[in-house]
Amino acid sequence: MAATSKIEWTDATWNPVRGCSKISPGCKHCYAETFAERFRGVPNHPYEQGFDLRLVPEKLAEPLRWATPRKVFVNSMSDLFHKDVPDNYIVSVVRVMTVANWHTYQVLTKRSERMRDLLRTKLRFAADHSHIWWGVSVEDRRYGLPRVEHLRSAPARVRFLSVEPLLEDLGQFELSGIHWVIVGGESGAGARPLQRAWVTSVRDQCRRAQVPFFFKQWGGVQKSRTGRELDGKTYDALPDVPPVASVMDRQRRLEAIANVEYNDKAV
């Protein structure tokens with residue numbers, strides 16, 4: 001877990017899986033791939049294998065080691081629901097979230113059908129936990145909007161949309177059952193443009209549906225110059241959910257860590 005994150009809507013990251021593969025236009029300029037491939041072949045580096053997908057079971061217990069509650073973006077460098085991540089490993093990751101329940105977990109995927117199906121079955125034990133937020137990426141109408149419907153039909157206490165990078169006008173879409181919407185433009189080399197009308201359309205739909213709206217960035221080659229104000233205002237709304245649970249005492253956390261590490265051997 002990274003103790004801090006530059007991502008505006010989270011506090012930390014946790015990557016029990018590393019690497020991914022492209023499945024839709026939003027993946028074209030993947031920041032995680034760009035970062036990971038810089039270190040391919042570097043001996044003993046976490047990304048010595050570049051962006052090849054691999055499980056990292058030694059990272060499973062990390063949230064239990066953090067006594068300070070924080071918002072944790074799960075697999076910022078991968079996708080938990082990638083087809084090559086076994087069901088039992090996904091269950092192991094989510095069980096850690098249910099035990100270390102003083103944190104808030106933000107789980108984001110482009111594999112929305114698999115997440116929906118597992119929340120109905122093997123992950124049903126975690127679906128009602130308010131400290132686990134289940135989200136999907138939405139970049140356009142063709143690939144992104146079907147994910148919204150998959151998420152809406154999943155049994156989840158908190159559902160959110162990461163509309164980033166927003167690549168076109170999404171038009172009108174259904175927000176019932178959605179508890180948070182993030183919008184942002186693409187950043188970095190080759191960033192595709194973001195139009196104001198696309199952003200305000202989503203913002204205005206959120207207002208009408210009373211869904212908290214978070215505007216992350218305009219993006220571009222130098223996102224620090226374009227900033228994140230929309231119509232002279234910064235939008236930082238978060239879901240309205242109950243407070244996090246109390247932190248376990250040190251002894252109980254050590255026992256929980258030992259149990260996770262033991263279970264790693266079966267993953």
Side-chain angles (χ1 to χ4, degrees), residues 9-10 17 20-27 71-76 78-95 97-98 101 104-184 198 201-214 237-242:
W9 44 264
T10 198
V17 181
C20 199
S21 56
K22 293 179 169 64
I23 61 167
S24 68
C27 302
K71 294 189 296 294
V72 180
F73 180 13
V74 180
N75 282 330
S76 62
S78 184
D79 189 325
L80 183 61
F81 295 95
H82 191 283
K83 63 181 179 62
D84 294 331
V85 180
D87 284 2
N88 68 331
Y89 192 77
I90 295 172
V91 170
S92 295
V93 172
V94 176
R95 286 201 183 280
M97 298 184 213
T98 63
N101 60 358
T104 297
Y105 299 92
Q106 300 156 315
V107 184
L108 182 62
T109 186
K110 287 185 173 69
R111 280 80 175 176
S112 52
E113 290 178 279
R114 188 179 184 199
M115 183 175 76
R116 175 201 62 197
D117 294 345
L118 285 175
L119 281 169
R120 290 174 174 174
T121 54
K122 295 180 180 180
L123 297 181
R124 191 65 186 84
F125 68 90
D128 294 329
H129 288 250
S130 63
H131 72 288
I132 306 176
W133 303 353
W134 306 93
V136 297
S137 297
V138 182
E139 70 265 45
D140 60 12
R141 293 186 294 271
R142 179 181 175 185
Y143 292 92
L145 291 185
R147 296 185 193 125
V148 179
E149 294 310 304
H150 299 153
L151 179 63
R152 292 179 61 243
S153 65
R157 179 76 175 274
V158 181
R159 306 179 188 90
F160 74 97
L161 309 180
S162 176
V163 186
E164 183 187 10
L166 179 54
L167 301 177
E168 66 178 2
D169 179 18
L170 296 180
Q172 299 295 305
F173 60 101
E174 184 59 61
L175 283 170
S176 62
I178 302 299
H179 305 95
W180 187 36
V181 174
I182 306 161
V183 175
W198 305 346
S201 173
V202 177
R203 179 199 62 188
D204 294 348
Q205 290 182 70
C206 287
R207 280 177 173 169
R208 291 193 292 271
Q210 297 185 324
V211 175
F213 175 80
F214 190 108
L238 294 169
D240 183 15
V241 295

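Quick note: numbers below take in every heavy atom, side chains included, and nothing from hydrogens, waters or symmetry partners. Position 1 is the first residue of the sequence; numbering continues from there.
L118 contributes atom CG, which lies 5.0 Å from atom CG of L123 (distance to the nearest 0.5 angstrom). To the nearest 0.5 Å, the span separating CG on D84 from OH on Y89 amounts to 14.0 Å. The CG atom of L166 sits 13.0 Å away from the CD1 atom of I182 when rounded to the nearest 0.5 Å. The CG atom of L170 lies 9.5 Å from the CG atom of L161; values are rounded to the nearest 0.5 Å. The CG atom of D140 sits 7.5 Å away from atom CG of L145, with the distance rounded to the nearest 0.5 Å. I132 CD1 to T98 OG1: the interatomic distance, rounded to the nearest 0.5 Å, is 6.0 Å.
Taking every heavy atom of both residues into account, S153 and R116 meet most closely at OG-CD, 3.2 Å. Contact detail for V94 and A126: the closest heavy-atom pair is CG1-CB, 3.4 Å. Here the closest heavy-atom approach between residue P212 and residue A237 is recorded as CB-CB, 3.7 Å. Here the closest heavy-atom approach between residue K110 and residue D79 is recorded as N-OD2, 3.0 Å. Contact record, V211 with I178: CG2-O, 3.5 Å, taken as the closest heavy-atom pair. When all heavy atoms of L167 and G26 are compared, the closest pair comes out as CD1-N, 4.3 Å.
Side-chain atoms of S78 do not come within 3.5 Å of backbone N or O of C20 as any donor-acceptor pair. Of the possible donor and acceptor atoms, none in the side chain of R203 sits under 3.5 Å from a partner among the backbone N and O of F213. Of the possible donor and acceptor atoms, one in the side chain of Q205 sits under 3.5 Å from a partner among the backbone N and O of F173.
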Evaluate V183 against W198 for side-chain contact (heavy atoms from CB on, under 4.5 Å), listing each step before the verdict. CA-CA 10 Å; V183 175; W198 305 346; over 6 Å; no

Residues V136, T109; criterion side-chain contact (heavy atoms from CB on, under 4.5 Å); working and verdict: CA-CA 5 Å; V136 297; T109 186; 4.2 Å; yes

Could you go through the side-chain contact (heavy atoms from CB on, under 4.5 Å) check for E168 and R141 one step at a time? CA-CA 8 Å; E168 66 178 2; R141 293 186 294 271; 3.4 Å; yes

Report the C-alpha distance between L175 and V148 in whole Å, list the side-chain angles of each, state the deciding distance to 0.1 Å, and finish with yes or no for side-chain contact (heavy atoms from CB on, under 4.5 Å). CA-CA 8 Å; L175 283 170; V148 179; 5.8 Å; no

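Between R147 and E139 there is a salt bridge, since a side-chain N of the basic residue sits under 4.0 Å from a carboxylate O of the acidic one. With respect to R114 and D117, no salt bridge is recorded, no charged nitrogen being found less than 4.0 Å from a carboxylate O.
Using a 4.5 Å cut-off on side-chain heavy atoms (C-beta onward), Q106 and W9 make contact. Within the 4.5 Å cutoff, side-chain heavy atoms of F125 are placed close to those of V91. A 4.5 Å side-chain heavy-atom check between F160 and L151 finds every atom pair outside the cut-off. I23 has its side chain within reach of R111: a pair of non-hydrogen atoms, C-beta onward, lies under 4.5 Å apart. Side-chain contact between V107 and F81 is present, with heavy atoms from C-beta onward closer than 4.5 Å. Between V17 and I90 there is no side-chain heavy-atom pair separated by less than 4.5 Å. H179 places none of its side-chain heavy atoms less than 4.5 Å from the side chain of S130. A 4.5 Å side-chain heavy-atom check between R157 and P242 finds at least one atom pair inside the cut-off.
Atom CZ of R142 is surrounded by 12 or fewer heavy atoms from other residues, nucleotides or ligands within 6.0 Å.
A donor-acceptor pair shorter than 3.5 Å can be found between the side chains of R152 and S176. Counted by atom type alone, H82 and S21 present one or more donor-acceptor pairs between their side chains at under 3.5 Å.
Ring planes of W180 and W133: perpendicular class, angle over 60° (limits at 30 and 60°).
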